[in-house]
Amino acid sequence: MSGGKVEVLWSPTDDNTFITCGSAINLYQVETSAAHHKHPETTLRISDDKYAVHCAANSEIHFIKCAAWYPKAEPKNLLAVGQANGRVVLTRYYQMSDKISLPSVHDMFVLRLLSIAETVVFVVKTVRESFGDPGDDELIGKEFVPRHSRQCNFLAWNPEESHLLTEGLEKFRNDACIVIWDITSSHMTSDNSERSRYSSSEHGSVTRPCFEIGPGDTCSSFAWFPQDARTFVTGVNNRYLRVYDLRDTVKPRLVTPHRTVCGVCVDALDSRRLASFGESQVAVWDVRSFDRPILTFQESKPVAKISWCLTRPGMLCVLCKESPSIRLYDIRHAVIVIIRDSTLFQARPGMLSVLCKESPSIRLYDIRHAVIGSDDIEPVTIDRNVQPCGQNPLSSFAWHPRHENRLLAIVSPNQMRDMVIFERMPLAWSPQFNLTWANGKRTMNCVFGGPFDKLDISARMRQRALAGYGMQAENILHNALIVAEEKHLQGLWKWISLVRQCQRKPAPSSKRGPVYNMGVKQILKYYTDQSNTMESDQAYVQWQPSDGVAFSIKHHYRSQERSLALALCGWIPDTNPTEFNIYLDNLTENGEVEKAAAIAIFTLKMKKALGILSSSAAGATNNGNPSLNAVAMALAGYNENSNTLWRRTCGTQRFQLSNPYLRAIFAFLACDTEFYADVLEETEMAVQDRVAFALTYLPDAKLKDYIEKLTDELVESGDLDGMLLTGLSSEGIDLLERYVDNTSDIQTAAITAVFSGTAQSSKDDRVQTWIYNYRMLLDQWALWHQRARFDNVMQMCEPGVQVPPQVYISCNYCGKSLNSSSRGFRLPDRMMFHNPFARTPQQQRHKISCCPSCRKALPRCSVCLGLLGTASNNASPGEHPSPKAGQPKLSPHQDWFSWCQTCRHGGHAGHITEWFREHVDCPVTGCTCRCMAIDSAEKAACS
């Protein structure tokens with residue numbers, strides 16, 4: 001080509017063959033590294049393991065402007081070459097099986113003068129291929145000559161009707177700028193003198209094209225549409241893009257004015273999308289909306305070439321002049337929005353549906369990644385640069401037609417680079433916790449999840465769900481046992497369990513009534529106005545020391561609210577010695593010896609505490625703990641005198657103890673004030689025990705300050721133990737939100753909201769979001785049974801919430817539901833069937849016999865001929881027990897409607913079941929349907 005520019009073209013039929021087209025046409029064969037040793041003088045390294053072997057060259061066609069490779073396998077290796085004078089020459093290269101090539105055109109005349117023996121010796125060469133086969137192929141050497149001599153701008157073969165070759169020409173008077181030749185045509189001239197310069201064939205020149213388009217215009221670019229062999233797009237006069245159809249070449253089908261009319265190319269994998277460039281701007285078009293480009297890219301330099309990847313949809317490659325790098329645009333991620341006179345409606349979040357007037361189709365656009373700030377939506381694309389040949393400016397490039405993302409870039413005839421463009425490898429976790437990634441069109445590789453030392457929170461949530469976490473509304477301890485190894489959840493489930501225990505107890509006789517499903521702050525009236533604050537009574541409690549030693553009196557604070565709050569903390573009051581001793585014994589048996597001893601000390605029962613420590617030290621309950629005998633001995637030496645050595649030693653040495661309850665014991669005994677700050681600040685002690693201690697020993701003002709301070713700390717840290725204080729109030733929801741932010745454990749947040757929620761808290765958007773997302777998460781894991789059980793638990797915990805029916809029986813006449821309760825009204829008595837044997841109103845069962853809407857009679861049972869909706873009259877006494885209070889009054893299964901999906905005959909489920917135990921045919925007389933044989937389960941049983 002003129003100007004030193006070199007083009008490169010891959011063979012459309014041979015994977016390892018390409019040509020370079022400049023001042024001459026050179027043929028190369030891509031081989032492995034072994035070829036370097038076979039042909040070192042004609043080999044060019046183009047990658048780490050590939051070499052381009054120079055096979056043939058054709059320098060006899062002068063003034064080459066462009067070339068195009070025939071797209072079909074036959075005739076093989078046919079090339080069309082365009083010249084500066086507008087002529088198009090057909091040539092080819094051929095390969096001989098015995099490694100012998102025929103001579104060139106110049107040699108043909110010389111060979112005629114030689115003998116046969118000399119000819120055989122002469123034609124043996126090391127070159128395996130050559131251009132110009134003077135055999136019987138009539139196409140080789142054929143020339144196509146325009147009416148007037150002018151420059152050829154491009155050549156393009158029709159991808160389907162491959163006998164059509166398009167040539168683009170410069171403007172000359174009123175001549176057409178686009179001519180389409182039929183290479184099989186025989187319209188030739190008799191002048192062969194000029195043709196003999198370019199071809200070894202003696203065929204004539206074709207001067208009459210099949211089609212002439214664009215009279216008086218100049219054409220700069222051209223591209224066929226791959227899926228429509230009769231349609232093409234072209235850029236003319238440097239300002240128009242036109243789409244023509246060969247069936248009507250007078251007027252273009254589509255026209256749009258734009259300055260980007262060069263290098264037009266159609267995406268081979270999406271014929272509705274094309275691209276073009278002009279100066280330093282690249283435009284992407286959609287032929288469905290051809291009035292303006294859907295995407296534009298501004299480059300820093302003038303653009304030299306653009307091309308779509310032939311194996312990867314939506315990848316556009318752009319090469320600028322004097323640039324060493326190629327820019328790749330991935331427009332599959334672009335948001336393409338076409339603005340028209342249309343009706344818009346929302347299909348789903350982020351999905352825009354467009355219905356155009358008088359259009360039979362609806363178009364969908366995903367705008368989730370769009371930047372919406374004006375009337376136009378700016379698309380989002382992914383671009384990157386590749387630099388194949390270092391800092392050397394590239395001349396051209398070519399995508400391989402079959403190999404995925406394979407690109408051949410060329411700097412000069414002696415410097416090329418064959419490379420594979422590797423795409424970004426997206427990583428994704430599947431719902432079953434498998435790591436998945438993909439590389440182009442290659443098979444996805446999955447790493448199946450195995451046992452890990454520390455599970456991700458999503459894996460732990462799935463394990464819990466499979467174990468039934470949150471699926472037991474009655475057995476609360478079952479949920480706590482599932483998460484026994486997760487200590488941060490134990491306090492939460494203890495609180496939920498204590499709340500349920502308080503529910504089972506009779507409500508306290510206070511003015512404001514029972515307050516269940518709440519936290520300590522609600523019970524103590526901290527969320528009410530100041531006029532309704534709690535008032536506590538001060539009580540004097542004596543020590544119960546051992547060996548008759550007398551100690552001073554301690555102050556306890558008591559009220560109905562404090563008693564209820566202590567019960568919520570799990571403490572049993574010592575007013576009932578029997579229950580209190582059982583409570584301490586249970587703690588000891590469960591291995592909580594230190595806690596049992598601490599509660600005994602806090603309730604001023606020194607002898608009981610010493611007995612717990614001594615008996616536990618002798619047993620095997622506390623293996624690995626410090627000797628409890630030594631602790632018991634230290635407690636036995638307790639003295640109330642603040643100046644004694646015992647109190648000073650305990651006050652300083654208690655920090656050496658590892659157990660927080662033992663430290664709290666000595667802090668309580670060594671405390672000089674009545675506010676017990678050392679005990680309350682023992683952060684390793686359970687929150688419910690610290691709160692219970694504060695409820696016992698702090699006055700109202702100090703108690704409120706401490707509760708508020710502790711609540712702020714727990715809410716700020718997202719500690720679920722704070723639910724004991726807040727309940728599911730607004731503060732409790734804030735605490736759950738912080739917990740979810742810290743741990744992403746949406747499962748626990750949703751379950752907590754269900755188990756401890758109230759009607760007011762369930763209206764919070766955050767609570768509804770947690771529950772909804774957890775249910776969707778169970779669906780993604782395909783845990784359908786766990787999802788259904790969780791929905792049942794939601795219904796049990798919120799009996800006032802009625803789940804709307806999803807399946808119902810409709811009337812055959814009006815199509816409305818036969819369930820009157822779904823519409824919120826009660827049927828009149830005349831439409832009800834009353835059981836005359838009912839003894840009480842609670843046992844009375846109403847059965848409808850007609851449609852509640854249109855009052856048409858219901859169908860009859862095919863067996864008993866009774867109206868469906870009435871009792872089947874075959875129930876034994878006691879088979880239909882009256883439902884309990886608060887439970888829905890469901891009809892027994894044998895009274896349900898049942899019918900065949902083929903013949904539509906049916907009846908009471910109990911009657912139909914009995915009938916088909918002995919029959920296969922339909923019970924309706926005259927019906928030939930074999931209902932039982934149609935059933936798939938019956939077929940499986942028979943097979």
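A 4.5 Å side-chain heavy-atom check between Ser395 and Lys5 finds at least one atom pair inside the cut-off. Between Thr91 and Glu60, every side-chain heavy-atom pair lies at or beyond the 4.5 Å cut-off. When side chains are defined from C-beta on, Val266 counts as touching Pro226, because their heavy atoms get closer than 4.5 Å. Under the 4.5 Å side-chain criterion, counting only non-hydrogen atoms from C-beta, Asn405 is in contact with Cys309. Side-chain contact check for Cys152 versus Cys66: some heavy-atom pair is nearer than 4.5 Å. Looking at Phe154 and Ser221, their side chains never come closer than 4.5 Å, going by heavy atoms from C-beta outward. Using a 4.5 Å heavy-atom threshold, the side chains of Val255 and Tyr240 count as touching. Side-chain atoms of Arg273 and Ile331, non-hydrogen and from C-beta on, do get closer than 4.5 Å to each other.
Comment: Arg173 does not engage Asp175 in a salt bridge, judged by the lack of any side-chain N to carboxylate O separation of less than 4.0 angstrom. At a threshold of 4.0 Å, the pair Asp15-Arg406 does not count as salt-bridged, since none of the basic side-chain nitrogens sits closer than that to a carboxylate oxygen. Under 4.0 Å is where a charged nitrogen must lie from a carboxylate oxygen, and between Glu160 and Arg230 no such pair does. Between Arg150 and Glu170 there is no salt bridge, since no side-chain N of the basic residue sits under 4.0 Å from a carboxylate O of the acidic one.
With Trp10 contributing its side chain and Pro401 its backbone, the two residues share no donor-acceptor pair below 3.5 Å. Formation of a donor-acceptor pair under 3.5 Å by the Thr32 side chain with backbone atoms of Lys50 is not found in this model. Between the Trp399 side chain and the Thr311 main chain, no donor and acceptor come within less than 3.5 Å of each other. Thr249 places no side-chain N or O within 3.5 Å of a backbone atom of Ile213 that could act as its donor or acceptor partner. The backbone N or O of Glu322 lies less than 3.5 Å from a partner atom in the side chain of Lys301, making a donor-acceptor pair.
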query = Can you list the steps and then say if Asp14 with Gln29 is a side chain to side chain contact (heavy atoms under 4.5 Å, CB included)?
reply = CA-CA 10 Å; Asp14 190 350; Gln29 186 79 18; 4.0 Å; yes

task = Apply side chain to side chain contact (heavy atoms under 4.5 Å, CB included) to the pair Ile180 and Asn158, showing each step before the final yes or no.
result = CA-CA 10 Å; Ile180 300 179; Asn158 190 299; over 6 Å; no

key: Check against side chain to side chain contact (heavy atoms under 4.5 Å, CB included), Thr17 and Leu27   = CA-CA 7 Å; Thr17 303; Leu27 176 69; 3.5 Å; yes

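The two residues Gln281 and His258 make their nearest non-hydrogen contact at OE1-CE1, 4.1 Å. Between Pro324 and Gln387, the closest heavy-atom pair is O-CG, 3.4 Å. Taking each heavy atom of Asp267 and Gly314 in turn, the nearest pair found is OD2-N, 3.5 Å.
The residue from Val8, Val6, Ile19, Thr20 that alone fulfils the side-chain contact (heavy atoms from CB on, under 4.5 Å) condition with Asn26 is Thr20.
For the residue pair Tyr70/Ser162, the side-chain donor-acceptor check at 3.5 Å is satisfied. When only modelled atom types and interatomic distance are considered, Trp285 and Ser276 share a side-chain donor-acceptor pair under 3.5 Å. In this structure, a donor-acceptor pair under 3.5 Å is present between the side chains of Ser396 and Lys305.
Between Trp181 and Phe144, the ring-plane angle classifies as tilted under the 30° and 60° cut-offs. Using cut-offs of 30° and 60° for the angle between ring planes, the His403 and His400 rings count as parallel. In this structure, His54 and Tyr28 have perpendicular ring planes: the angle between them is above 60°, well past the 30° mark.
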